[in-house]
Amino acid sequence: MGLLLCVMSLLGADLFQDTFAEGNGAYQQGVYGDAVAAYERLVDSGVVDSAVFYNLGNSYFQAGDLGGAVANYERALQVAPGHILASENLGLVLKATERNLAKPGGRAWEETFLFWDDGLSKAVVWRLCILFWFLCWGCLMMRSWRGLAYGRSLTVFLGIVAVFMGLSVYAKTWPAVYAVARDEAVAVRFGKDTGHAVRFELFAGDRVLIDDEDGDWLRVMTVDKERGWVEASSMVVVGPPYSGFSDVVVDEDGREKDRIE
Amino acid sequence: MGRFICIALCLLVGPLARAELTVYMRKSTVSLDTPFEIEVRAKGSSVGQVEVPVSEDVFVSEAPMGRQNNYSIQIVNGKQSRVSELVYVYRAKARRAGDITIPPFKAMVDGKEVESAPLALKVRATQNVPESTPQGTESKGGASDKKVMTLDDAVFAESRVDKQSVYLGEAVELTVALNRLDSYGVQVIWSTRGYTPPLAEGFFATQSREVNERIERDGIKYIARQFVQDLYPTQTGTLSIGAWQWHGAVRGITNAGRQSIEKDLYTAPIEIEVKPLPEAPANYSGTVGEYSFFVDFDSEGADQGRIELEQGRPVLMRLTLAGKGNEHAIKAPVLPDIPWAQVADPKPSTDVDLEGGQITRRFVYAFTALEAGEFTLPTLSYCYFSPAAEEYVTRTVDSLKVSVAPSKERTNLVVVGGMDDALQQEVEVVVNELHPILLQSSLLRQTSSSPLLPVTLAGAPPVAYGVLALALRRRRRLAGDNGLARAYKARSRSEKRVAAALASENPAEALFKAMVGYLADHCNVVEAGLTSQDARTLMLAQGVSADLTMLVHRMLKSCERSQYGGTVLSPAELKALGDGALEALDQLEAYFKKGGK
């Protein structure tokens with residue numbers, strides 16, 4: 001059974017590599033629509049890889065979809081916070097947006113206690129958390145068994161470090177959810193209906209925090225705390241969970257030709 | 001307490017319970033104006049509220065000052081019933097001297113209205129002046145003219161209202177005062193309960209405020225400690241404000257020097273006639289009182305009588321009602337539809353001026369003009385009932401001209417982020433061209449997160465620590481408790497000894513020692529010198545079964561015979577004895593593991 005699983009996993013990995021190579025090939029040939037489609041298939045298959053998100057960001061940008069590009073660079077940076085290429089490409093794409101709106105801050109407790117984990121990926125923090133957790137209990141056991149100089153202080157210190165690491169793991173597993181405006185101009189309204197007056201507008205590539213969700217409407221908050229309701233179809237939710245949103249059809253020159261509704 | 005136990009015993013042995021109401025008094029003669037107690041006993045399976053009689057001759061407090069429940073179970077002809085007796089103690093005071101009769105008390109007992117017998121009472125006249133009409137001690141010249149005043153006269157209580165006929169929702173100001181003589185060093189000492197307002201059923205009562213002032217009655221000066229409270233009737237008809245009771249001590253300087261007496265004071269109940277409101281107009285807000293109504297904006301130019309707003313920029317609009325009335329009954333004004341603006345739900349707040357009783361109720365709205373241009377804020381109105389005018393009054397704020405300037409940004413909408421540099425993205429652009437795509441990735445696999453792994457990893461160290469802690473605890477116990485340690489090791493030690501016995505020079509002696517050693521270890525006694533008889537006694541003392549005791553005893557006897565009788569055991573006999581010894585040890589171990597004795 002285990003062997004079967006291994007074989008299936010290897011076969012799956014091969015399939016993913018093929019799809020990835022297909023996307024790369026399409027990108028290099030300038031057929032960005034096909035590249036987007038290939039990479040999105042990987043995302044839809046449950047692949048969470050910073051390289052895929054990064055390539056997808058490039059493909060969307062080349063296809064003229066600033067919102068899709070920004071969202072995917074954000075995803076790449078969520079998965080691998082130290083991804084320099086994604087960070088620099090994001091800066092470039094944001095420069096191309098209408099007003100280069102800053103990203104809203106996250107949760108208050110996160111900004112207070114987890115100021116140190118920006119450059120660490122979830123996997124690294126998770127391993128560190130487990131390491132400190134085991135060290136903490138190991139210290140406690142050693143102290144009970146043989147006695148340990150400064151055992152109590154050391155145990156408390158290691159425990160506190162482990163708890164902070166755990167908080168970081170929690171924050172990285174369930175981060176504040178952002179959305180990126182995809183349409184050129186997105187109306188943000190006072191209520192969840194197109195009959196409500198427009199409160200303000202977002203432009204393609206603007207990042208906002210999602211603080212509520214109701215059916216097809218998202219309540220979003222900008223960096224300067226302005227709130228309003230926006231139709232979910234005109235936004236790209238960064239995630240997690242990550243899902244594909246490939247509804248762009250581009251022409252041979254890479255320009256957006258149509259959008260699948 | 002003893003009295004109630006007697007009552008309970010009487011009930012237990014008494015006849016079948018009957019609904020009854022009995023009234024007792026400890027004295028049949030009382031002094032005028034001196035409070036006395038009436039005890040009312042209601043007996044039955046279920047006892048309802050006791051109705052206090054109203055009489056011109058005597059005042060009885062509406063609420064009992066004490067209450068006690070006694071229960072008993074009666075079994076008559078095998079049928080069990082529960083009888084309860086409620087004992088209420090009421091305070092009362094005679095209003096005239098002579099022979100008076102306290103009318104019957106009434107109560108619903110077991111679903112039937114029962115009443116007590118009337119109670120005859122003899123009331124002695126006293127020298128004291130009647131309540132609430134203190135009389136003179138005021139000097140009219142020198143000290144020789146002064147009359148001697150008793151401490152009883154030095155304090156009196158009164159309650160009054162500003163009006164006795166009001167409309168529904170109109171305020172009634174109730175003042176309860178405790179007045180003490182402003183001379184002779186008169187002091188009052190309150191009971192620990194402090195001021196408790198009188199019962200006012202059917203009224204919404206506000207917090208009472210205290211006002212102290214000097215008053216003069218019949219030429220005598222008093223210091224009045226007054227408690228003032230607004231009552232708002234919530235139903236029509238005749239409502240009653242109950243009597244106020246005060247219990248405390250009065251101190252003062254008398255002819256006999258400084259003295260102190262205990263005193264009970266009562267005020268008479270007050271009846272209020274509550275009239276219904278006339279038929280209300282459609283825009284009536286539900287508020288009763290006297291108010292002024294105005295609106296103001298937290299915007300530039302508002303103080304010059306014009307309202308200037310900026311498109312998309314919210315400002316605060318305050319609708320204020322100021323006047324007298326029940327703050328809790330003031331509802332938010334209903335705003336007309338304003339299509340060019342977004343008006344959020346109001347946030348109410350209240351300021352109360354306790355001195356003047358003035359109330360300011362504000363409703364604050366976040367008002368955002370959605371369009372630029374010149375607009376008119378429609379007339380706002382608020383309709384309330386004015387008791388003074390005895391009619392509904394509608395206060396209005398005239399329509400206001402509002403000038404909404406276009407948003408300073410290029411769009412007509414609220415501009416998020418604006419031109420503020422701090423709100424711009426801080427990512428430094430270090431490249432002019434997009435970095436190329438990545439052609440390789442080694443992490444292309446589906447992510448699957450099982451909740452089992454984190455739980456296991458998080459739970460493993462505490463579990464390991466728990467196991468270690470238990471093991472260490474066991475080790476400490478074994479180190480500190482010799483008996484436990486011997487019992488714990490008895491089995492393995494004796495097994496080794498039996499195995500060694502079969503190969504020894506004197507196997508019978510070694511076997512005997514192995515078995516006796518096991519018992520000695522388990523019972524924590526000295527092994528040396530134990531005989532088979534001692535072993536038998538030990539086993540019986542430990543509650544080992546007679547069969548097993550006999551089996552072990554026989555084996556030990558066999559070993560003894562072989563040891564001291566010179567009988568040499570054949571290898572087969574020795575093997576059988578060894579097996580038997582192990583079998584017996586197994587049985588003994590099983591018995592001791594079950595707990596033994």
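In what follows, chains are A, B, ... by sequence order, proteins preceding strands, each numbered from 1. Computation of the quantities below employed the complete heavy-atom set of this structure, encompassing side-chain atoms and omitting hydrogens, waters and symmetry-equivalent molecules. All of these numbers come straight from a predicted model, not from anything done at the bench.
- With a threshold of 4.5 angstrom between heavy atoms, B:A458 approaches chain A through its backbone and through its side chain.
- Atom CD of A:E184 has 12 or fewer heavy atoms from other residues, nucleotides or ligands within 6.0 Å.
- Between B:H435 and A:L92 there is no side-chain heavy-atom pair separated by less than 4.5 Å.
- Looking only at side-chain heavy atoms (C-beta outward), A:Y27 and B:P436 stay at 4.5 Å or farther from each other.
- When the candidates A:L85, A:N58, A:V93 are compared by the number of heavy-atom contacts under 4.5 Å with chain B, A:N58 comes out ahead.
- Residues A:W133 and B:P462 meet the side-chain proximity criterion, which asks for heavy atoms closer than 4.5 Å.
- Pairing each heavy atom of B:L472 with each of A:W145, the nearest pair is CD2-CD1, 3.6 Å.
- Applying the salt bridge (charged side-chain N to carboxylate O under 4.0 Å, His left out) definition to pairs two or more places apart or across chains, none involves residues 459-475 of chain B.
- In terms of non-hydrogen atom pairs under 4.5 Å with chain B, the most contact-rich of A:T19, A:N24, A:I130 is A:N24.
- For the pair A:W126/B:L457, a side-chain contact is recorded, criterion being any heavy-atom separation below 4.5 Å from C-beta on.
- For B:A469, no part lies near chain A; criterion is any non-hydrogen pair under 4.5 Å.
- Between A:E88 and B:L434 the shortest side-chain heavy-atom distance does not fall below 4.5 Å.
- Few gaps surround OH on B:Y284; more than 12 heavy atoms of other groups in view lie less than 6.0 Å from it.
- A:E74 meets the salt bridge (charged side-chain N to carboxylate O under 4.0 Å, His left out) test with A:K103, A:R207; sequence neighbours excluded.
- For B:L468, the part sitting under 4.5 Å from any heavy atom of chain A is the side chain, from C-beta outward, and nothing else.
- Contact between A:F20 and B:L438 at its shortest, heavy atoms only, is CZ-O, 3.4 Å.
- Closest heavy-atom contact between A:M141 and B:P461: CE-O, 4.0 Å.
- With rounding to the nearest 0.5 angstrom, the CE atom of A:M142 is 13.5 Å from the OH atom of B:Y465.
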